Amino acid sequence: MTLAARIDHTLLRPDCTEAQVAQLCQEAAAHGFASVCVPPCYVAFATEQLAATAVGICTVIGFPLGYAASSVKFKEAEVALYDGATELDMVINISALKSGKSEAIQAEILDLADLCHVHQALLKVIIETALLSAEEIELACQLCVGGEADFVKTSTGFATRGASVEDIALMRRVLPENVRIKASGGIRTREAALALVVAGADRIGSSNSVALIAENNETTAA
Ligand SMILES: O=C[C@H](O)COP(=O)(O)O
């Protein structure tokens, strides 16, 4: 698989414009990226822009802090799926994780996974590794497995740091093969992206995607 085919081409800045989302969609179609990852308010627009393409429509839920009530996240997910989203990146309730509320977290993930399954969409759960200990990363991965998430994603891009090779290696060790990994947050070079893929990342989320694939010929990214 090429690096381009692994990339969620992302624009989640609060000050982004519709014109920039349109450009993101054009770039994703031109370069064969896996998806565009856009704010929920632009899902319908991106769906329209990319109607004749195979590019996925990804958006974020409970983003970027994760502590919205489960009922609010569920409603946000319903609206996004109705608008055309094919992939949802939902932020785990980090505060609840650190407070030992594992049962509630797994139930929230399972509700979103069931909703995505009905709509033939993918659920990725953002665990924000920058804010977690190694033990908490392992617990978050176990809850994602129990909640039947399709992917576990490292970062929102709004915390103190993004994905690290160490995060990915740990997640790959604790996750079963059928649960994929998305590395995201601060991925600025092809070298960094390929190192994360070699460590076990199946998908790369970046707002710098065109630069990641710009270096000469496209090589298979392991
Ligand atoms: O989902 C989060 C984004 O992939 C973060 O992207 P960025 O740090 O490249 O802006």
Side-chain angles (χ1 to χ4, degrees), residues 3-17 20-21 23-25 27-28 31-43 46 55-68 73 76-77 80 85-94 109 112 116 121-132 137 140-141 144 149-168 171 180-197 199-215 221:
L3 181 57
R6 294 179 185 274
I7 290 177
D8 290 346
H9 191 27
T10 303
L11 178 59
L12 293 172
R13 289 198 326 271
D15 60 346
C16 70
T17 65
Q20 289 167 338
V21 174
Q23 181 183 343
L24 188 90
C25 293
E27 291 168 347
H31 296 291
F33 293 141
S35 80
V36 291
C37 192
V38 298
C41 62
Y42 287 116
V43 166
V55 178
I57 308 295
C58 175
T59 193
V60 287
I61 303 298
F63 190 89
L65 302 177
Y67 49 37
K73 287 181 178 178
E76 190 176 29
T86 60
E87 304 186 8
L88 301 183
D89 291 11
M90 190 256 303
V91 185
I92 202 171
N93 189 322
I94 302 156
I109 296 169
L112 266 294
C116 284
L122 293 175
L123 176 64
K124 310 190 197 100
V125 177
I126 305 173
I127 64 173
E128 203 69 282
T129 53
L131 303 180
L132 304 183
I137 291 173
C141 287
C144 289
D150 297 291
F151 281 78
V152 183
K153 174 177 173 183
T154 61
S155 315
T156 60
F158 287 72
T160 51
R161 69 167 173 83
S164 70
V165 167
E166 292 73 21
D167 291 341
I168 302 299
M171 293 162 69
R180 288 171 281 178
I181 296 172
K182 176 176 174 179
S184 60
I187 304 171
R188 290 291 171 269
T189 67
R190 181 189 184 80
E191 184 188 5
L194 293 175
L196 292 163
V197 170
D202 300 280
R203 194 73 76 84
I204 297 289
S206 177
S207 57
N208 196 42
S209 315
V210 176
L212 297 189
I213 63 165
E215 295 165 35

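The figures that follow rest on heavy atoms only: side chains count, while hydrogens, waters and symmetry mates do not. Order of listing sets the numbers, starting from 1, for every ligand and every atom in it. The structure displayed is predicted, hence computed values, not measured ones.
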- Can an N or O of G157 be found at a distance shorter than 3.5 Å from an N or O of ligand 1?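 No - when backbone and side-chain N and O of G157 are compared with those of ligand 1, no distance drops under 3.5 Å.
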
- Contact check: K153 vs ligand 1, nitrogen or oxygen atoms, below 3.5 angstrom: yes

Of [options], which has the heavy atom at the shortest distance from [atom]?
{"atom": "atom 5 (C) of ligand 1", "options": "V60, T156, I204", "result": "T156"}
{"atom": "atom 6 (O) of ligand 1", "options": "P64, A163, S207, A183", "result": "S207"}
{"atom": "atom 3 (C) of ligand 1", "options": "I187, V91, N208, T10", "result": "T10"}

For ligand 1, is [X] a contact, meaning one of its heavy atoms is under 4.0 Å away?
{"X": "C37", "answer": "no"}
{"X": "R188", "answer": "yes"}
{"X": "S206", "answer": "yes"}

Please round to the nearest 0.5 Å and tell me the distance separating atom [atom1] of [X] and atom [atom2] of [Y].
{"X": "T129", "Y": "I168", "atom1": "OG1", "atom2": "CD1", "answer": "7.5 Å"}
{"X": "I126", "Y": "D89", "atom1": "CD1", "atom2": "CG", "answer": "5.0 Å"}
{"X": "E191", "Y": "L212", "atom1": "CD", "atom2": "CG", "answer": "12.0 Å"}
{"X": "R161", "Y": "S155", "atom1": "CZ", "atom2": "OG", "answer": "6.5 Å"}

- Please report the shortest heavy-atom distance between R188 and S207, naming the atom on each side. NH2-OG, 3.6 Å

- Set of side chain to side chain donor-acceptor pair (under 3.5 Å) partners for R13, sequence neighbours left out: D15, Q20

- Task: Could you tell me the residue and atom name of the protein heavy atom closest to atom 8 (O) of ligand 1, and the distance to it rounded to 0.1 Å?
- Result: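 Ranked first by proximity to atom 8 (O) of ligand 1 is G186 N, 2.8 Å.
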
- Task: Apply the test side chain to side chain contact (heavy atoms under 4.5 Å, CB included) to residues L122 and C116: give CA-CA distance (whole Å), side-chain angles for both, the deciding distance (0.1 Å), then the verdict.
- Result: CA-CA 6 Å; L122 293 175; C116 284; over 6 Å; no

- Task: Mark up the atoms of ligand 1 that fall under 4.0 Å of a heavy atom belonging to G205, in ascending order.
- Result: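 Near G205, the atoms of ligand 1 are 4 (O).
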
- Mark up the atoms of ligand 1 that fall under 4.0 Å of a heavy atom belonging to S184, in ascending order. 4 (O)

- Scan D167, D8, D202 and name whichever one has a salt bridge (Lys or Arg N to Asp or Glu O under 4.0 Å) with K182. D8

